[in-house]
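Chain naming here is simple, since letters A, B, ... match the order of the sequence lines and numbering starts at 1 in each.
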There are 2 protein chains.
Amino acid sequence: MYSILDVAKLAKVSKSTVSRVLSGDSYGVSDKTKAKVEKAAKELGYVKNSLASSLRTNKTKTILLIIPDITNNFWAEVARGAQDFLEKHDYSLIMVNTDWKSDKYNKYLELALSKGVDGILINSSTSLTSKLNNIDLPIVLLGNAYLESHFPRVGSNTLEGFNEALEFLYKNGHTKIGVVASHTDTVGGKSHQNKLSIYHTFLENHSIRFNKNYYFSVGYSMEGGKELATLISKMENPPTAIIAGNDLIAVGLINECRELNIKVPDDLSIIGIDDIPISSIIHPSLTTIAKPKRDVGEKAAEIIIKVIEGQPVNKNYKLPVNLVIRDTVKKINGDLK
Amino acid sequence: MYSILDVAKLAKVSKSTVSRVLSGDSYGVSDKTKAKVEKAAKELGYVKNSLASSLRTNKTKTILLIIPDITNNFWAEVARGAQDFLEKHDYSLIMVNTDWKSDKYNKYLELALSKGVDGILINSSTSLTSKLNNIDLPIVLLGNAYLESHFPRVGSNTLEGFNEALEFLYKNGHTKIGVVASHTDTVGGKSHQNKLSIYHTFLENHSIRFNKNYYFSVGYSMEGGKELATLISKMENPPTAIIAGNDLIAVGLINECRELNIKVPDDLSIIGIDDIPISSIIHPSLTTIAKPKRDVGEKAAEIIIKVIEGQPVNKNYKLPVNLVIRDTVKKINGDLK
DNA sequence: AAAAGTTTTGGGAACGTTCCCAAAAATTAT
DNA sequence: ATAATTTTTGGGAACGTTCCCAAAACTTTT
């Protein structure tokens with residue numbers, strides 16, 4: 001591996017000049033010597049030692065991505081989006097997984113300090129904010145969260161999508177619409193309430209009477225979907241449509257409906273939230289509120305670079321979701337009350 | 001951020017002593033001073049500057065992971081396995097995606113040099129070996145490959161699984177067994193042949209006559225599976241079981257069978273290869289040869305650390321696959337003709 | 001109690017950059 | 001032609017470690 005001094009010797013200039021040319025703007029270097037240096041560098045196949053550079057400049061052009069689990073497609077998409085953007089701006093990405101275990105955060109935060117990363121992209125978790133405050137580094141939070149913090153955050157506008165889904169069902173004749181908002185929804189604080197308040201506003205707008213049985217609380221998993229199917233199968237006045245808490249619930253619901261002989265979408269229309277890969281493949285394929293996962297990653301990367309460069313950024317970015325219409329919603333002749 | 005000198009001053013020792021204590025073995029440091037140093041470091045909240053350390057030692061404790069796409073669950077699992085292992089040994093992982101584009105490799109290989117990573121984990125691609133030879137860094141290849149190279153490789157023993165699947169079908173009464181080995185299979189060289197030779201050996205062992213119509217060649221995608229279903233539906237003497245080239249084909253096949261009114265597994269038993277997340281969720285859930293994706297990542301990480309440390313390693317690691325029995329294979333009374 | 005040996009400690013150099021400042025060279029003004 | 005100005009170049013210091021070597025502080029031996 002050649003150093004800047006080798007290049008300097010070959011080009012017959014000083015290391016300072018080589019540095020000026022090779023580290024970017026080459027301000028104050030004549031075109032002639034610039035060409036000489038570039039030729040010499042190329043001839044030797046010089047590649048810069050980022051470590052030395054970083055040590056001097058205090059910039060590593062590296063971002064630490066802290067996510068729960070890269071194996072979860074949601075986070076993989078976010079990571080991919082972030083990496084694509086960062087790469088374009090010559091940043092690298094170090095990835096770690098927490099499995100939601102809070103003790104891991106300390107470790108990774110120290111890693112960030114030790115490696116001297118220029119910024120941290122991290123999923124927003126309730127237990128975290130206090131720790132983050134002690135870190136003197138640019139930080140951008142990933143995903144929606146319901147707690148306040150002074151860090152910029154990039155998430156998606158799920159509530160808008162939720163409303164869109166309600167309206168879509170209404171347009172298709174549904175008035176008996178069930179919604180899922182589980183206990184886990186309340187953990188963060190406000191999401192649950194907001195979802196319900198949107199639901200109530202929707203009902204009022206369309207003069208539909210609230211039926212408390214149409215509000216379901218199940219776990220955010222396929223198991224929860226299965227439970228949901230059982231619940232619905234036992235109702236004497238079941239909803240004709242349901243907006244699941246996420247796609248996992250929806251998929252579990254679809255599968256269990258087959259067992260319970262509930263026809264989807266003939267007996268029950270279903271809308272999910274997320275748009276995970278399975279949703280387009282399962283039969284019938286799932287109509288769902290697609291979260292802009294990759295965009296979230298990209299935007300977060302964009303924001304953190306801005307923060308690093310000292311540019312002003314907003315505190316909250318809510319990226320638009322997108323209702324993907326597939327096969328789990330049926331147009332019916334709604335018996336309008 | 002405090003440096004080693006701040007710690008030294010507080011502990012009233014020299015920086016050398018601090019370095020000795022804080023960089024590991026603290027050989028030749030008395031217990032008393034060691035305690036002093038550790039106390040001082042803790043008091044200041046000292047965290048080591050890895051950049052400076054790496055510059056001096058020429059070790060970064062960082063591995064570069066080059067994969068096609070983290071969004072593909074297979075690679076996400078591999079990445080996760082690698083990261084988990086590396087983390088335990090205090091290595092970090094930088095991740096990049098190539099999308100199979102060969103021009104990206106040059107870029108990433110230079111990145112590796114510039115950042116001074118200690119090793120590279122990279123998916124084995126045909127076009128790549130020549131480039132890799134120019135790199136003076138520990139390299140471990142990920143996944144099966146059909147070309148020779150002097151780098152250690154970690155893959156899975158798919159052929160053994162293929163054979164196991166054949167025997168499993170036979171045990172369940174199947175003798176009319178279709179297999180998929182597409183054109184893409186031949187690209188690398190030998191896999192295709194081996195798959196077929198195993199198939200032939202199997203047939204001979206059980207005195208089953210070879211039917212060339214039971215050998216299918218379709219694309220390795222859901223589209224390919226759809227095509228396969230159409231092909232089979234038109235046969236006058238169709239197979240009773242089929243081993244798809246991978247799970248994607250199998251899933252496409254399952255879905256299209258529904259359309260074509262072929263009952264799975266009653267009319268057609270199906271076995272996939274890979275065990276992707278969808279396979280356990282689709283209905284009927286797919287019996288498949290599960291690849292040890294995470295193990296591959298872990299093993300590769302283990303191997304590269306060994307290489308870095310100068311320990312001897314084998315050239316080829318083939319991790320065992322595992323036949324996951326789910327719902328797409330039916331026991332029949334085979335007409336043992 | 002001095003010599004020899006061993007353990008523990010400290011100071012300087014080095015890793016490869018970038019940055020600062022001054023010197024040299026080239027250009028323009030007088 | 002010389003002075004003043006601007007452009008271009010070079011040398012040294014610094015970033016925070018680790019490593020080498022020598023000095024200092026202890027132990028043991030005679």
Side-chain angles (χ1 to χ4, degrees), chain A residues 1-41 44-62 90 110-118, chain B residues 1-41 44-62 90 110-118:
Chain A
M1 285 281 282
Y2 293 103
S3 86
I4 219 177
L5 278 95
D6 300 308
V7 178
K9 200 187 291 174
L10 183 61
K12 298 208 180 81
V13 294
S14 75
K15 62 178 168 42
S16 307
T17 303
V18 175
S19 174
R20 271 186 280 260
V21 174
L22 263 28
S23 66
D25 55 1
S26 55
Y27 172 79
V29 179
S30 72
D31 292 353
K32 211 176 63 185
T33 47
K34 186 178 171 187
K36 262 199 305 186
V37 170
E38 280 168 346
K39 179 159 168 277
L44 293 178
Y46 167 83
V47 359
K48 122 145 66 169
N49 184 325
S50 298
L51 291 164
S53 174
S54 296
L55 181 61
R56 184 66 238 252
T57 60
N58 218 22
K59 299 229 165 309
T60 50
K61 288 266 182 179
T62 302
D90 279 319
E110 179 166 336
L111 178 76
L113 259 27
S114 179
K115 292 259 174 188
V117 301
D118 295 342
Chain B
M1 287 278 284
Y2 294 102
S3 86
I4 219 178
L5 278 96
D6 300 307
V7 178
K9 202 187 290 176
L10 184 60
K12 298 211 180 79
V13 294
S14 75
K15 61 178 169 43
S16 307
T17 303
V18 175
S19 173
R20 273 186 278 259
V21 174
L22 263 29
S23 64
D25 55 0
S26 55
Y27 172 77
V29 179
S30 71
D31 291 354
K32 211 176 63 183
T33 46
K34 185 179 171 187
K36 263 200 303 185
V37 170
E38 279 168 347
K39 179 161 169 274
L44 293 177
Y46 167 82
V47 0
K48 119 144 68 168
N49 183 326
S50 298
L51 291 165
S53 174
S54 297
L55 180 62
R56 184 66 239 251
T57 59
N58 219 21
K59 299 230 165 307
T60 51
K61 287 265 181 182
T62 302
D90 280 320
E110 180 166 335
L111 179 76
L113 258 27
S114 178
K115 292 260 175 188
V117 301
D118 295 342

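Annotation: the terminal axes of the helix from C:dA1-D:dT30 to C:dT30-D:dA1 meet at 50°, where each axis is the rotation carrying the C1' atoms of four end pairs onto the next four (5 pairs per end, rounded to 10°).
In this structure, the side-chain contact (heavy atoms from CB on, under 4.5 Å) partners of B:Asp6, at least two apart in sequence or on a different chain, are B:Tyr2, B:Ser3, B:Leu44.
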Please list every donor-acceptor pair under 3.5 Å in which a side-chain atom of residues 9-16 of chain A meets a protein atom from a residue at least two apart or in another chain.
from    : atom 1 : to      : atom 2 : distance (Å)
A:Ser14 : OG     : A:Ser16 : N      : 3.3
A:Ser14 : OG     : A:Thr17 : N      : 3.3
A:Ser14 : OG     : A:Thr17 : OG1    : 3.3

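Looking at residues 29-37 of chain B, you'll see that no heavy atom sits under 4.0 Å from any atom of DNA chain D. Residues of residues 44-58 of chain A having a heavy atom closer than 4.0 Å to DNA chain D, listed by number: A:Leu55, A:Arg56. Listed in residue order, the members of residues 10-21 of chain A having a heavy atom less than 4.0 Å from DNA chain D are A:Val13, A:Ser14, A:Lys15, A:Ser16, A:Thr17, A:Arg20.
A pairwise comparison of heavy atoms in B:Ile4 and B:Tyr46 identifies N-CE1, 3.7 Å as the closest pair. Closest approach of B:Val47 to B:Met1, counting heavy atoms only: O-CE, 4.2 Å. When all heavy atoms are compared, the tightest approach of A:Lys34 to A:Val29 is N-CG1, 3.8 Å. Counting all heavy atoms, side chain and backbone alike, B:Leu51 lies closest to A:Thr60 at CD1-CG2, 3.7 Å.
Atom-to-atom distance recorded for B:Lys115:NZ and A:Lys48:NZ is 10.5 Å, nearest 0.5 angstrom. Put simply, OG on B:Ser53 and CG on B:Asn58 are 11.0 Å apart, with the number rounded to the nearest 0.5 Å. For the atom pair OG of A:Ser23 and CZ of A:Arg56, the computed distance is 11.5 Å after rounding to the nearest 0.5 Å. Annotation: the span from A:Ser54 atom OG to B:Asn49 atom CG amounts to 9.5 Å, rounded to 0.5 Å.
Rounded to whole Å, the distance from CG on A:Leu5 to P on D:dA13 is 15 Å. What separates NZ of B:Lys61 from C1' of D:dT18 is a distance of 15 Å, to the nearest Å. Note: OH (A:Tyr27) to P (C:dC21) measures 15 Å, nearest angstrom. One interatomic measurement links the two molecules: CD1 of B:Ile4 to P of D:dC19, which rounds to 11 Å at whole-angstrom precision.
Residues B:Leu22 and A:Gly28 each lie close to DNA chain D; by heavy-atom proximity, the contact nearer the 5' end of the strand is made by A:Gly28.
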